[in-house]
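Values below: all heavy atoms of this structure, side chains included; hydrogens, waters and symmetry mates excluded. Chain A is the first sequence line, chain B the second, and so forth, proteins listed ahead of strands; every chain is numbered from 1.
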There are 2 protein chains.
Amino acid sequence: MDRADRAQGRHEHVLDSLGPAIVSGDCPPGSVLRTDELEERFDVSRTVVREVIRVLESMHLVASRRRVGVTVLPPEEWNVYDPRVIRWRLAGPDRPRQLRSLTVLRSAVEPVAAGLAARLATPEQCAELTEHALGMVATSRGQQLERYLVHDIAFHRVVLRASGNEMFARLGDVVAEVLTGRTHHQVMFTDPDPAAVTLHVRVAEAVRERDAARAEALTREIVTGAMAELDVLAP
Amino acid sequence: MDRADRAQGRHEHVLDSLGPAIVSGDCPPGSVLRTDELEERFDVSRTVVREVIRVLESMHLVASRRRVGVTVLPPEEWNVYDPRVIRWRLAGPDRPRQLRSLTVLRSAVEPVAAGLAARLATPEQCAELTEHALGMVATSRGQQLERYLVHDIAFHRVVLRASGNEMFARLGDVVAEVLTGRTHHQVMFTDPDPAAVTLHVRVAEAVRERDAARAEALTREIVTGAMAELDVLAP
DNA sequence: CGTAACTAAAACGTCATACTTATTGCCTCA
DNA sequence: TGAGGCAATAAGTATGACGTTTTAGTTACG
C-alpha cells in the first residue's frame, strides 16, 4: 500500500489529490488556490506545485493569473475528453451524470464506427470480433460477469479501432470505463441480457459480411439498450 | 506582431514550438529530447522546459523517463481530443487526415445532438437557431462567405449546446475549426450550396417543432454533404 | 466630494544552482 | 560466459533570488 500511495513521484500524488478535489466540486469554481498554500498543504516544493498547476491548466480545470492566484474554472471550461478528467469524475459524486454523458456519446459514435468497420475491418479484426462475440455467448450465463466483461470490452474496442478513425479508436478506454462501471455497479448475480449478446454476434456477422447498414443498425440497437439500462441505474 | 510573437510568456512559446514539431512528425516517434538541450535551444531555464514537458506528457505526446530522456510517443498514444493537439495537427502536414477524422466524428455526433436538441432546446435556443439559419440564408449569395461562416458556426454551436450533453457541447470548437478550414481553403468565390442552407433552416424548424426524428435525419443529410464535400477537397 | 493617477504589495513567472534518485550500460570477477 | 556491482547520466526535487503583472489602496487635484 505504501508504494501505491506515492505512485512514483510527488508530482502525481499532488495531481491525483487536486484533480479529484476540483472535479468533485470540493474546490468550487471561482475558488482560489495559492501556490505557497499548496506547497505547505502537500509538503512539496514550488517546482512540483507549479508543474501540477500547469497540467491542470492544460486541462482547463484552473486558470493561473498573476496577483490573484490559481482560480478553479467552471465545468463548462473543462477538457471533458481528457482521460484523467473522465476518471476523476467517474470516481466522484458526478459519476451518474458523467456516465450518462459518456453513454450518449457512445450511442452517437459506436453505430457509425460499426458501419465504417464493416467497410474497413481487416480479416484479423473480423476474426477477433467473432471470437469475442462467441466469448460473450460462452460466458453469458452462470455468474461469469468478469469474464464476460473482458470480451465485451474487447469487442467494442475492436469495432472502434477497425473503424479506421483515430478519434473513434481513442474512445476505447471510455467505453471500457463505462462497461466496467456498469458491471461493477449492477447486482452481480444478474446475467447479461441475452438479447444484447445475440446482437453482438450479429454485429460481428454483419461486419464480416461487409454489410455496413446492418452493422450500424444492430449497433444502434445495442447502444439503445445501454441507454435504457442507464435509465434504470442512474438518477 | 512583436506582442503576438512572444504570446505572453516563454512557456507558451516553447510549447507552441515543440507541440507542432511533434505532431508534424518533425520529431518522429521514438526520438529523444533532453531537457538541457531544449534549455539551450530555446534559451530558457529548466523551470520552463520542465513545465512544458509536463504539459506535453499530459497530452501523451511524450513520455519522460529517468536516465533516458523525453521520448516522443507514437500517434496512437496522443490525446487527439486535446484542442491544442487538434489545432497543431490542423496547422501541419497531417491536416487532411485530421480534417477527415473530425468530419467523421461530426457525422456521428451532430445528428444525435440535433435529435436531443429537439427534445431539450429552450425557447431562446430555438430562437437563436432560427436566427442563425436565416442569417445563413441572407448571406448565402454574393461572396459574403465570412459572414455566412459566422452564422454557420453559431448554428452548429447552438445545436451542440442545446443537446444538453456536455461532451457534445465541447465539440463546438472542433466544428468551428472544421468549418473555418473549409471556408478558407475553398475557392472564395463559390457561394455555399443552397441545398445545405435550406437544410439548416429545416433543422431549425424541426427543433422548434420538437420533431427529434426529423431534426436528426436532416442533420444527417447536412453532415453527409460535408463528407461528400471533403472527398473533393482532401486527398 | 469625486475622479484620476500614482504607489505599493501580493502573487505568479523565470532563472540559477545544488542535490537526490532511478536507470542503464559497462566492467570486473567468478 | 554470465552475473553482479559500480559509475555515469539525465530526470526529479528543493530552495533562494529576482522580475513582472495586476489589483487595491491612497493621495492629490479638479
Set of side-chain hydrogen bond (donor to acceptor under 3.5 Å, both in side chains) partners for [X], sequence neighbours left out:
X: Arg157(B); answer: Asp173(B)
X: Asp26(A); answer: none
X: Arg46(B); answer: none
X: His11(B); answer: Arg54(A)

Next item on the list: Treat primed atoms plus P, OP1 and OP2 as sugar-phosphate and everything else as base, then score nucleotides 5-13 of chain D 5' to 3': B for base contact with protein heavy atoms under 4.0 Å, S for sugar-phosphate contact only, - for none.
Entry: ---BBSSBB
Notebook entry, point to check: In whole Å, what is the span from the NE2 atom of His13(B) to the P atom of dG13(C)?
Noted result: 18 Å
Item checked: Pairs where residues 153-177 of chain A contributes a residue and the test ring-ring contact (aromatic ring centres under 6.0 Å, His included) is met, not counting sequence neighbours ->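 Checked against ring-ring contact (aromatic ring centres under 6.0 Å, His included) - neighbours excluded - the pairs reaching residues 153-177 of chain A are Phe155(A)-His200(A), His156(A)-His200(A).
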